[in-house]
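Right, one structure below, let's go through it.
Throughout, protein chains are lettered first and strands after them, A, B, ... in sequence-line order, and every chain is numbered starting at 1. Worth knowing before you read on, the calculation uses all heavy atoms, side chains too, and leaves out hydrogens, waters and symmetry mates. It should be emphasised that the depicted structure is a prediction, and the values quoted were computed from it without experimental measurement.
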Amino acid sequence: MPDTAPTIMWFRDDLRLGDNPALCDAVSRGRVVCLYVHDPAFPLGGAEKWWLHGALSALDHDLRAQGGRLCIMAGDTHESVLWLAARTGAGAVVWNRRYGPRARQVDTDVKAALKARGVDAHSHPGNMLHEPWQVRTKQGTPFRVFTPWWRAVQAKGPPLPPLPAPDQPAFAVVPPEIGDRLVRPADLALLPVRPDWAQGLRAQWQPGEAAAHARLDAFVAERVHGYATQRELPAQPATSGLSPYLRFGHVSPRQVWHAVETLGPGDQDSACFLSEVGWRDFAHATLFDFPGMGTGNLRPEYDNMPWRHDPVALRAWQKGKTGYPIIDAGMRELWHTGWMHNRVRMVVASFLTKHLLLDWRVGEAWFADTLVDADAASNPFNWQWVAGCGLDAAPYFRVFNPVAQGEKFDPAGDYVRKWVPEIAHLPNKYIHAPWKAGPSAPGGYPAPIVDLAGGRARALAAWKAL
DNA sequence: TGCCTTTTTGC
DNA sequence: CAAAAAGGC
């Protein structure tokens, strides 16, 4: 009976019911089976795993409120999707697109295998403002520079208006013999035990679509005004905090765009914020067009950069014990909350790749393991941007001085005092350069692990020799 | 979405 | 001679 064949809605990085084109397609076809596959071939960082546990629980909760449920499978993606399609007698499988090379390969293979078995398969644009291939130069080539790309995006007019969540969706009953293969979020062992390092994450974040919209609404009401200037100050609660919600698709960039754009297109603050959302799209479009971005320098001359091997320095950077307060505050914020202020991300990344001359991929890996918002596009894109090896990157000679950056963007030292309490007693004069306060290391705070002038000179010499 | 040094300016 | 501008990395 073809009219009773269910449609599988395959959730991936789009864990929401609102503005979900694939879900709307599935509901329009009849009864729906909702699927998520947790595949060890696509490993997540520790913070992402913590987030995913809450995200899957929230999505299952939201589906149950509508009379459905989330079917979670653990194992090989291709095998899992094909297995569920066969066992449920699905007539179609639908999903929203991903843009990384490995994910695209899997999706292409799954689509072909489904169609070979007579199952319809359809992918949708759900996670970007625009699909990468929709924004092209006059020559039809990919943009390599953000500003002209962003101008071309804006010339296209507003992105598609967000779709409402499906009204009264019909869900297929999942038979018990299929239920035996399904798992609960707890079975995926996503949460840390011994040690439980997630207290800070629990205190700061609530995964899920409802929390995403609460955060978006609060940002639009309270923080867009003044964003353009305040966003640079890490001690201020001036940023949106939406990055992990966008990472897991609890909210779509189109929803964000339309919520902010209602404030008026000429507004400086909303324009500044929307361009940050634009950078997210640009990173994904760049990964789509340059699929090696995740692991290889986009500027091949950097293949000859003499990156150092220095596990002691790397460990100090990771632990927030470099002796430079703004660096250590950022790295401790990251470890404690799974997030770091963007200004500080640039400073710590510059310090790692330039003053310490360590490979950007080492920093990217640490961020991927500790950030709740890391994704396959934004994280390597931004590291390549800072390191200088990206297509539209900051030039290598632009070296952030952690003392100068601290004094400029944390002038009262509030950010440093919050995360580096052992030097909180120092006056503002010394808060970003505690070694100047006296010979004794206050409170056990380490001496600087590298000389700023020497590290800078070493990095510039290495770059000149490329 | 620099930093540092040198040169020029303006008093 | 201090501050601003310029220039190179």
Is the side chain of A:His250 donor-acceptor paired with the backbone N or O of A:Gly208 at a distance under 3.5 Å, no angle test?
yes
Quick one: which residue pairs count as a side chain to side chain donor-acceptor pair (under 3.5 Å) with a foot in residues 205-227 of chain A, not counting sequence neighbours?
none
With the threshold set at 4.0 Å, does a side-chain nitrogen-carboxylate oxygen contact exist between A:Glu301 and A:Lys464?
no
Salt-bridge contact A:Asp289-A:Arg136 (side-chain N to carboxylate O under 4.0 Å)
yes
For A:Ala404, which contact category applies under a 4.0 Å heavy-atom criterion: base, sugar-phosphate, or nothing?
sugar-phosphate
Would you check if there is a donor-acceptor pair between the side chains of A:Asp25 and A:His124 at a distance under 3.5 Å?
yes
Quick one: side chains of residues 274-282 of chain A, donor-acceptor pairs under 3.5 Å with protein atoms, not counting sequence neighbours, listed by atom name and distance.
residue, atom, partner, partner atom, Å
A:Ser275, OG, A:Cys272, O, 2.9
A:Glu276, OE2, A:Arg231, NH1, 3.0
A:Arg280, NH1, A:Asn127, O, 2.9
A:Arg280, NH2, A:Asn127, O, 3.3
A:Asp281, OD1, A:Leu129, N, 3.0
A:Asp281, OD2, A:Leu129, N, 3.0
A:Asp281, OD2, A:His130, N, 3.1

Within residues 342-353 of chain A: residues closer than 4.0 Å to DNA chain B (heavy atoms)
A:Arg343, A:Met346
My understanding is that only residues two or more places apart in sequence, or in another chain, count here; which of them pass salt bridge (Lys or Arg N to Asp or Glu O under 4.0 Å) with A:Arg299?
none
So which pairs with a foot in residues 312-326 of chain A pass salt bridge (Lys or Arg N to Asp or Glu O under 4.0 Å), sequence neighbours left out?
none
DNA chain B: 5'-most and 3'-most nucleotides touching chain A, 4.0 angstrom heavy-atom criterion
B:dT1 to B:dC4
